[in-house]
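Read through the structure below, which is laid out as structure tokens, and then see the notes.
Start at 1 and go down the list; that is how both ligands and their atoms are numbered. Please read these numbers as outputs of a predicted model, since none were measured by experiment.
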Amino acid sequence: MTGRIHSYESLGALDGPGLRYIVFMQGCPLSCGCCHNPDTRKMDGGEEISAGELYKRIEKYRPYFGTDGGVTASGGEPLCQADFLYELFSLCRAGGITTCLDTSGCITGTAVDKLLDITDTVLLDIKYSNEDDYQSYTGMKYSAVIDFLELLEKKGVRTVLRRVIVPGLNDSDSDRDNLTALAKKYSCVYKVELLPFKKLCEEKYERLGIPFPFGHIPEADPNAVRKEEETIMHELDK
Ligand code: SF4
């Protein structure tokens with residue numbers, strides 16, 4: 001079958017273990033205020049490509065992957081194309097290339113279940129700490145992302161919890177405590193990554209002619225965010 005791809009990054013070091021071929025999937029049902037890829041959200045855009053053809057492109061980079069690297073499906077929301085990714089990840093698994101999903105966890109069901117069974121690592125965005133904020137700033141339920149985390153635990157998928165830190169919205173002590181508690185509770189979680197909210201995407205919103213919902217919010221201080229992450233990881237001792 002074919003999938004819809006927004007774009008590629010041949011060797012990324014920020015989305016999953018080691019050096020990875022990043023596939024940005026087209027389409028996302030959410031509308032996060034902090035979204036830095038608003039151009040990936042449209043369901044019907046992007047390049048159409050078969051799983052076999054995409055695998056051939058990925059395979060060319062195998063010498064750079066080492067033992068940790070591989071392929072990461074990001075987006076957009078990769079779970080929107082779970083059947084296609086199942087085909088791609090099956091080829092990767094057969095070829096000895098590790099697989100990673102960068103997801104909001106907003107979709108479940110049989111296709112996602114099958115996909116998770118052949119996924120080595122999941123980067124799960126836990127964007128906020130409560131139902132109200134989740135509903136207001138993403139269009140998705142907090143309970144849904146917790147259900148997804150439960151599923152990862154049940155399947156024993158290695159998981160990184162990620163959060164984009166948005167000043168004034170999710171950077172309080174109680175937000176940090178909430179994330180730390182989740183990372184402690186679920187044994188599938190081996191790492192927490194905090195990313196500073198940035199506004200490099202403003203130009204994309206202008207090009208698309210849509211308002212940037214968080215355009216009025218200042219960028220997060222990368223040093224402060226890194227320290228917060230260190231504090232959490234120190235507390236976890238994972
Ligand atoms: S889940 Fe990701 S791609 Fe989708 S709207 Fe949110 S930030 Fe954007």
Kindly determine whether Thr98 and Arg20 satisfy side chain to side chain contact (heavy atoms under 4.5 Å, CB included), including the steps that lead there. CA-CA 9 Å; Thr98 72; Arg20 313 194 71 84; 3.1 Å; yes

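Counting side-chain heavy-atom gaps under 4.5 Å among Ile, Leu, Val, Met, Phe, Trp and Tyr, the cluster of Phe24 also holds Ile22.
Side chains of Ser172 and Ser174: a donor-acceptor N/O pair is present below 3.5 angstrom, by distance only.
Around atom 4 (Fe) of ligand 1, protein atoms of type N, O or S found under 2.8 Å number 1.
Note on ring orientation: taking the six-membered ring where Trp is involved, the planes of Tyr21 and Tyr61 are tilted (angle from 30° to 60°).
Salt bridge absent: Lys56 and Glu53 never bring a charged side-chain N and a carboxylate O closer than 4.0 Å.
When the shell of 6.0 Å around CD of Glu48 is examined, it contains more than 12 heavy atoms from other residues, nucleotides or ligands.
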